[in-house]
Every structure is written in structure tokens, then in C-alpha cells.
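Only this structure's heavy atoms are used, side chains among them; waters, hydrogens and symmetry mates stay out. Owing to the predicted nature of the structure, the values given are computational and were not obtained by experimental measurement.
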Amino acid sequence: QAGIDVSAISVTGVAASAQIQEAQGAVAAPAPLRLDGVLFDRRFEQAAQIARSVAGYGAPLYETDGDATDIYYHHLRALWRGPHAAFAGISSIDTTFVIQTLAADHRLRLIYRGLHEAPHDGTVAHTLSGPASVIDTAGLAGYRGQWLQRVGYLMAHCSGAGPVRTIEVSTDAEQAAGREHPMVSWIVAPASW
């Protein structure tokens, strides 16, 4: 009975402490993932721009022409055997599916996915799904301007922690001129993250 009382006091104390920290704003936001690389499909100029934005925060770049097999065998397979293995990319829907399938074989999962449709009637539709804290702070809701930099920032600062949120937004098509196919921005990380 004394053990139960001590346990109840401990749980109550921890909960009260968490409430006090939250009320004081002392609860720290989760740290962003350290990305071990960024893959981009050179067939999309916008993919290269987003990848360079993410790489500006320290992640090395890997280039593909839509076939991720070579990059998988020469880089990703060895990388994904390691303990960290968070990796980002901007590619076609098909390449994203292949990467997601290969990543699952290494116990990695998609923690962020952004579908960026081809321009239509002067706008680009985006469907972004990932940690709510990241999606909310990316500032894309109601945003109509320079979305490439915003998506790069979102990917570079993704923590992978917290509940998932999905939003749909539209941006001006100016930065997507000439693109005729959808592209996907994504991050894979260990399933235990």
C-alpha cells in the first residue's frame, strides 16, 4: 500500500511539474532531424531549388534523373544500415514510391510528404502532411508567394515528433513555370523516431 502511495505521488508530481513548465512556456520544441542527405530529381528545376535550400542547412545533395536504383545501391543502402539514416528528397511520385518501399525494408518510414501538383490556372495546389509543429510553423497556410524556400525550410527543420497534420494550400504558379507533372517532397526516418 505504501508503494502505491509513493507511485501516485510521483506521477502527480511529474504531471504538476509538466503543467507548470507548459504554463511558463519552458517546454522545449523537439530538435530537427539531422538529415544525412537530400535527393532531388534533376528533371524538375523546382526540385533542385528546394534541395539547395535544404542543403544550405548542412545536408549533402544527391541527384537523380528519376531512377533511384544507382543512388540506393551506392549511397542509401549503406547509409540506411546505420543508426540515424534520416534522408529527404524531392522527386516524382514514382521515385517517391520506390524510395518509400526501399526505406521500409530498412525500418524507415515516411514522416513528411508534400505533394506539389503541376500548375493549373495560375496556381499550384500543395498537400502537406507531417508533424503538426512543423507544418504549422512552415507558414504555408494562406501563403501565396515564394513557396520553394518555405518547403525547403520545412524539410530542413522537421523534427519528426508530434501528431500528424495535413493541410492543403495553393500558391502562385510563378515558381512552377514549365513543370507539367506533380512532384513530391518527402523525408524518411527510423520508424522508432
Side-chain angles (χ1 to χ4, degrees), residues 32-120 124-131 134-135 138 140 146-158 160 164 166 168 171 173-193:
L33 290 168
R34 190 196 84 222
L35 295 174
D36 293 316
V38 182
L39 175 133
F40 72 94
D41 190 327
R42 66 175 156 250
R43 298 174 302 169
F44 300 118
E45 174 55 32
Q46 295 85 21
Q49 291 177 34
I50 293 171
R52 284 192 293 269
S53 176
V54 177
Y57 295 97
L61 289 174
Y62 297 88
E63 194 174 325
T64 182
D65 60 359
D67 181 5
T69 308
D70 188 52
I71 288 175
Y72 173 74
Y73 283 110
H74 290 97
H75 301 287
L76 296 179
R77 187 171 57 166
L79 178 69
W80 288 350
R81 288 181 181 150
H84 189 264
F87 204 84
I90 308 94
S91 57
S92 68
I93 292 172
D94 296 342
T95 302
T96 303
F97 175 76
V98 169
I99 292 288
Q100 184 177 359
T101 303
L102 293 169
D105 290 343
H106 294 274
R107 295 192 177 122
L108 303 175
R109 65 182 174 89
L110 214 57
I111 62 164
Y112 159 77
R113 182 181 190 272
L115 175 62
H116 312 282
E117 297 288 353
H120 180 71
V124 175
H126 309 270
T127 304
L128 308 174
S129 185
V134 176
I135 298 294
L140 274 175
Q146 306 292 316
W147 61 273
L148 296 173
Q149 296 81 2
R150 296 282 184 158
V151 170
Y153 179 86
L154 180 153
M155 294 173 72
H157 292 86
C158 188
V164 173
T166 299
E168 293 181 1
T171 59
E174 180 182 332
Q175 286 192 313
R179 184 163 55 86
E180 298 177 4
H181 301 284
M183 65 180 190
V184 180
S185 55
W186 48 267
I187 298 174
V188 294
S192 61
W193 190 265

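Between the side chains of Thr69 and Asp67, a donor-acceptor pair is found at a separation under 3.5 Å. Between the side chains of His181 and Ser92, no donor-acceptor pair is found at a separation under 3.5 Å.
For the pair Thr166/Thr127, a side-chain contact is recorded, criterion being any heavy-atom separation below 4.5 Å from C-beta on. Taking 4.5 Å as the limit, some side-chain heavy atom of Tyr112 sits within range of a side-chain heavy atom of Met155. Using a 4.5 Å heavy-atom cutoff, the side chains of Arg109 and Val188 are not in contact. Annotation: side chain of Asp70 is not in contact with side chain of Tyr62 (no heavy-atom distance under 4.5 Å). Looking at Met183 and Gln46, their side chains come closer than 4.5 Å, going by heavy atoms from C-beta outward.
Note that NE2 of His116 and CD1 of Ile93 are 10.5 Å apart. Values are rounded to the nearest 0.5 Å. Here CD1 of Ile50 is found 5.0 Å from CG of Leu148. Values are rounded to the nearest 0.5 Å. Put simply, OH on Tyr72 and OG1 on Thr64 are 15.0 Å apart, with the number rounded to the nearest 0.5 Å. Here the straight-line distance linking atom CG of Leu110 with atom OG1 of Thr96 works out to 8.0 Å at 0.5 Å rounding. Taking SG from Cys158 and CD1 from Ile111, the interatomic distance works out to 4.0 Å, rounded to the nearest 0.5 Å. Residue Asp105 holds its CG atom at 9.5 Å from CH2 of Trp80, rounded to the nearest 0.5 Å.
Under the side chain to side chain contact (heavy atoms under 4.5 Å, CB included) rule, Phe87 has a single partner from Ile99, Leu35, Leu79, Leu108, which is Leu79.
Within 6.0 Å of CZ on Arg107 lie no more than 12 heavy atoms contributed by other residues, nucleotides or ligands. No more than 12 heavy-atom neighbours from other residues, nucleotides or ligands sit within 6.0 angstrom of CD on Glu168.
Between Pro119 and Val124, the shortest heavy-atom distance links the atoms CA-CG2, 4.1 Å. In plain terms, the two heavy atoms of Ser129 and Val164 that are nearest each other are OG-CG1, 3.6 Å. The heavy-atom pair separating Asp41 from Ser91 by the smallest distance is CB-CA, 3.9 Å. In this structure, Leu115 and Arg113 approach most closely via the heavy-atom pair CB-NH1, 3.9 Å.
Using a distance-only test at 3.5 Å, with no hydrogens or angles considered, no donor-acceptor pair links the side chain of Arg179 to the main chain of Glu45. Side-chain N or O atoms of Arg43 include one that pairs as donor or acceptor with a backbone N or O of Asp65 at under 3.5 Å. Distance alone, capped at 3.5 Å, is enough to place a donor-acceptor pair between the Thr101 side chain and the Phe97 backbone.
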* Under the side chain to side chain contact (heavy atoms under 4.5 Å, CB included) criterion, do Ile90 and Val184 qualify, and how do the steps go? -> CA-CA 5 Å; Ile90 308 94; Val184 180; over 6 Å; no

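Evaluation of the side chain to side chain donor-acceptor pair (under 3.5 Å) rule for His75 yields no partner, not counting sequence neighbours.
Counting only residues at least two apart or in different chains, ring-ring contact (aromatic ring centres under 6.0 Å, His included) contacts with residues 32-57 comprise Tyr57-His157.
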